[in-house]
S.K.: 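I'd like to ask you about the structure that follows.
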Amino acid sequence: MQEWACERFLYLNRFLNDIIAERMAKISVVIPTIEEESVFELIKQLRHALGNNTEFIIVDKSSKEYFERLKATGAVLIRQTDRGVENAIMAGLRQAHGDILASIDADGTHDYEGIVKGVRLIQSGKADFVLGNRLNHLEAESMGPYLKFGNQILSSMFSLLYRTKVHDVLTGLFVVRRSAFDDIRNRDPYRAGISFFAIELARLGYRVGEVDIKYYKRAYGKSKLTRFKFTYGINVASHLIRQVRDYSPLLIFGGMGVIIVIIGLLLGITVLLSFLKTGVFVTTGRALVAFMLVVVGFLFFVSGLILDILVEIERRLMKMK
Ligand SMILES: Nc1nc2c(ncn2[C@@H]2O[C@H](COP(=O)(O)OP(=O)(O)O)[C@@H](O)[C@H]2O)c(=O)[nH]1
Ligand SMILES: [Mg+2]
């Protein structure tokens with residue numbers, strides 16, 4: 001009887017501890033800024049939504065006057081000396097103490113509730129990294145059709161190459177589990193904004209999730225990220241491909257190999273059909289090209305396979321270290 005009561009007590013104790021741990025999880029929010037008027041209001045809203053156990057870290061690259069004004073927010077302030085929003089966020093995350101880490105643009109365009117939703121998704125154990133998907137709730141004139149289209153292409157590429165399902169890889173809001181971030185904390189960010197974090201975590205096998213958020217029009221000032229969104233997009237695309245090529249060669253080379261072989265075979269079939277129809281063999285050039293395509297495609301596939309085995313061996317050796 002006593003043993004039974006003791007067991008029950010331990011179970012209850014563990015249950016309560018879990019609830020307390022979940023409630024008490026410390027959250028760190030990193031906010032990159034370049035002269036953003038909206039950040040003051042944003043921090044007030046976030047404090048209210050996330051509670052007292054939240055740490056704010058602003059990584060700023062603005063004028064001295066603006067930096068002085070930031071002191072009133074009570075956030076930890078970091079002055080950025082290098083460039084790029086991904087470097088700013090990385091610097092902030094490296095200083096964070098939370099169990100769950102997040103980042104949000106300072107310009108007031110992203111719905112701060114997304115952080116609350118993202119934290120919940122991570123606590124439910126369904127994801128390690130959560131992106132705020134803006135595309136289902138766009139305020140009028142918040143995102144031009146051209147930007148939206150580019151974003152959709154990049155998000156589809158990301159989903160395909162990294163075997164995930166996300167719709168807004170260029171968002172300015174994410175939440176990440178501390179243990180997942182610790183695995184990439186020493187990486188040097190490349191110019192891909194928040195996609196850098198998405199790529200690095202996805203390729204390590206962390207589960208990427210998304211939550212719907214609202215997206216508002218910018219209330220103050222202009223975009224600080226870059227004036228050349230098109231070249232920025234191309235850059236992100238090139239990183240999406242490059243990182244996969246290094247880590248999953250079978251997907252890239254093997255995939256290309258299969259496509260080339262199929263084209264070669266289709267061409268070969270047309271040669272065969274023409275021979276069967278006319279009874280004479282006149283399409284020598286086409287036959288040669290078809291043959292070459294099949295051989296080249298096959299070589300691509302085999303290269304992908306060999307590279308994949310080498311990468312896997314390297315991964316296992318790294319784990320053994
Ligand atoms: N510290 C820092 N913040 C940046 C940098 N580039 C952009 N930001 C901030 O990152 C957020 C997103 O930039 P934004 O200009 O709104 O990009 P857009 O929404 O893509 O046009 C904003 O809070 C900017 O102030 C940078 O190089 N350093
Ligand atoms: Mg913005």
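We count ligands from 1, going down the list as the structure has it; atoms in each ligand are counted the same way. If you're wondering where the values come from, they're calculated on a predicted model, not measured in any experiment.
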S.K.: Of Leu160, Asp308, Val244, which meets side chain to side chain contact (heavy atoms under 4.5 Å, CB included) against Leu251?
M.R.: Val244
S.K.: As a check for students: among Thr109, Asp107, Ile31, identify the option with a heavy atom nearest to atom 19 (O) of ligand 1.
M.R.: Asp107
S.K.: Using heavy-atom distances only, which candidate in Asn87, Asp105, Val30 approaches atom 11 (C) of ligand 1 most closely?
M.R.: Asp105
S.K.: Only heavy atoms of Gln80, strictly under 4.0 Å: list the atoms of ligand 1 that pass.
M.R.: 1 (N), 2 (C), 26 (C), 28 (N)
S.K.: Hey, which atoms in ligand 1 end up nearer than 4.0 Å to a heavy atom of Val59?
M.R.: 1 (N)
S.K.: If you draw a sphere of radius 2.8 Å around the Mg ion (ligand 2), how many protein N/O/S atoms end up strictly inside it?
M.R.: 1
S.K.: Hey, are the side chains of Tyr162 and Gln243 touching, using non-hydrogen atoms and a 4.5 Å cut-off?
M.R.: yes
S.K.: Numbering the atoms of ligand 1 from 1, which are under 4.0 Å from a heavy atom of Glu36?
M.R.: 22 (C), 23 (O), 24 (C), 25 (O)
S.K.: Give the single entry among Leu147, Asp60, Leu225 that approaches atom 13 (O) of ligand 1 most closely by any heavy atom.
M.R.: Leu225
S.K.: Check Thr33 against ligand 1 and report side chain, backbone, both or neither, counting heavy atoms closer than 4.0 Å.
M.R.: backbone
S.K.: Please identify which atoms of ligand 1 are closer than 4.0 Å to at least one heavy atom of Ser223.
M.R.: 15 (O), 17 (O), 18 (P), 21 (O)
S.K.: For ligand 1, which atoms sit closer than 4.0 Å to a heavy atom of Ala88?
M.R.: 1 (N), 2 (C)
S.K.: Are the charged groups of Glu210 and Lys165 less than 4.0 angstrom apart, N to O?
M.R.: no
